[in-house]
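The structure appears right after this line, and notes come after that.
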Amino acid sequence: MSEPTPGQAAGPAFDTLPLPPAVLANLKRLGYERMTPIQAASLPPALAGKDLIAQAKTGSGKTAAFALPLLANLNARRFAVQALVLCPTRELAEQVTQEVRRLARAEDNIKILTLCGGATVRPQLASLAHGAHIVVGTPGRILDHLSRESLVLAALNTLVLDEADRMLDMGFAEDIANVIKHCPKDRQTLLFSATYPEGVTKLAGRFMREPQEVKLTERHAGTKIRQRFYEVKESERLYAVGLLLNHYRPVSTLAFCNTKQQCRDLVAVLQAEGIVALELHGDLDQRERDQVLVQFANRSCSVLVATDVAARGLDIANLEAVINVDITPDMELHTHRVGRTGRADEAGWAFSLASMDEMGRVGRIDEMQGSASVWHALSELTPSDAEPLHPPMVTLQIMGGRKEKIRAGDVLGALTKDLGFASSQIGKINVNDFSTYVAVDRGIANEAMRKLNAGKVKGKSVKVRRL
Ligand code: AMP
């Protein structure tokens, strides 16, 4: 399977939009050449200042669809919060923050702050005291800061509700309404939602000005996602996952199990086969969860194994494959699982393993999708070479992060300028408060770890370990 490259979206080019040259140049640097369908439909009205209700899923490029308009409304010389993005979960808030940060690079010194529940309040108060232009957060914690008056929205001009349906599902309706009461009436409101339950329409009716609706037809049934079903006996189910991986060799796969126990068993089976697989489950503490997600997103873990509950709120781009280790009895959930691959208009695989007992469920899936499922035999799956599937990268953890004033550029500089590695050998760098994670090519991992341990980052010795 070829490496998905960004910029394969097929819509109009970004330079057809009224965006400043610096923004267009930055988009080009990020590899965004053409708009995704949701961007092509949302950006013209949103950049013209219209309120928007847009139907978009994670992976459609929706973040840029609201980030570019909110950045266009921003005055960097004005030190006040001018844009607020409400998200259902901390994970989504952090992903949104990262994407906004990348898109904001066209202009100097735009401060973006993430304010989510679960984190301690005190550091957030300190950050707020320093000022921010853009705040991204979860409704409860934002409301908390508004009532403390640590956050003031008097200068706000753009409000974004991201994944509105999920925020309502999670019981945030009251909090959202209360947050909106703190926003100036004269503002642009952009609402993004994967589905349109009644609550979303009501919310829009209460708080938006003649919103323009942007709906896109579902892509699921289209050619982008290739679904294949494999009949398995119970005894061969977990083993079949390894066969699929070694045959199709996707770089990043999300494997769904119906139970936690099955997640654990599958990870054990895959690891025994030499495949790098990690489990995402509810018992992980926040730090462990972050580590798992960092490794998956930076392509140093091939397979993330999760239940639907654990995978909720995950926003991972460029998933090449989804594997349904079981067939879920919930048809909507099946569609949702499958829809996670083939994102931002990339092609993706969806494999489903079904035992005789699950054929009734598959029949209902066929009915719902209005097409017959495509079946293949496990015996067709021959490992394409003797080596088990390896992820292209390895994650190194540097003990030290934002609190030590380490920035991604410092780590990149240490590895390239000081230690002589090529920047093409270095992948994603995630700087957290106390740790930094850097993905490096598998082939240089040990050498990079050794040299970093012996060398310096930002003039200081650091401890580095391989995850
Ligand atoms: P999102 O739906 O906002 O989470 O975006 C999914 C992924 O697609 C992110 O990794 C974006 O960086 C990427 N992306 C968004 N828009 C484009 C584009 N026009 N061209 C290429 N990649 C894009």
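Heads up: numbering here begins at 1 and tracks the sequence. We count ligands from 1, going down the list as the structure has it; atoms in each ligand are counted the same way.
- Checked against ring pair (Phe, Tyr, Trp, His ring centres under 6.0 Å), Tyr437 has no partners two or more places apart in sequence or in another chain.
- The closest approach between a heavy atom of Glu33 and any atom of ligand 1 is not below 4.0 Å.
- Using cut-offs of 30° and 60° for the angle between ring planes, the Phe229 and His334 rings count as parallel.
- Looking only at atom types and distance, the side chain of Asn298 has a donor-acceptor partner in the side chain of Ser300 under 3.5 Å away.
- Each of the following atoms of ligand 1 lies closer than 4.0 Å to a heavy atom of Arg34: 18 (C), 19 (N), 20 (N).
- Sorted by first then second residue, the salt bridge (charged side-chain N to carboxylate O under 4.0 Å, His left out) pairs that include residues 131-146, not counting sequence neighbours, are Arg141-Asp144, Asp144-Arg148.
- Close contacts of ligand 1 with Thr63, meaning ligand atoms under 4.0 Å from a residue heavy atom, involve 1 (P), 3 (O), 4 (O).
- Surrounding NZ of Lys428 are at most 12 heavy atoms belonging to other residues, nucleotides or ligands under 6.0 Å away.
- With respect to Asp162 and Lys62, a salt bridge is recorded, a charged nitrogen being found less than 4.0 Å from a carboxylate O.
- Near Arg102, with a cut-off below 4.0 Å to any heavy atom, the atoms of ligand 1 are 12 (O).
- The Phe14 neighbourhood of ligand 1 comprises atoms 19 (N), with distances under 4.0 Å to a heavy atom of that residue.
- Residue contacts with ligand 1 for Glu99 involve side-chain atoms from C-beta outward but no N, CA, C or O (heavy atoms, distance under 4.0 Å).
- Annotation for ligand 1: atoms under 4.0 Å from non-hydrogen atoms of Lys62 are 1 (P), 2 (O), 3 (O).
- Around atom 5 (O) of ligand 1, the closest heavy atom drawn from Gly31, Gly61, Ala56, Ala64 belongs to Gly61.
- Each of the atoms 2 (O) of ligand 1 lies under 4.0 Å from some heavy atom of Ser60.
- In terms of modelled atom types and a separation under 3.5 Å, the side chain of Arg299 and the main chain of Val251 share no donor-acceptor contact.
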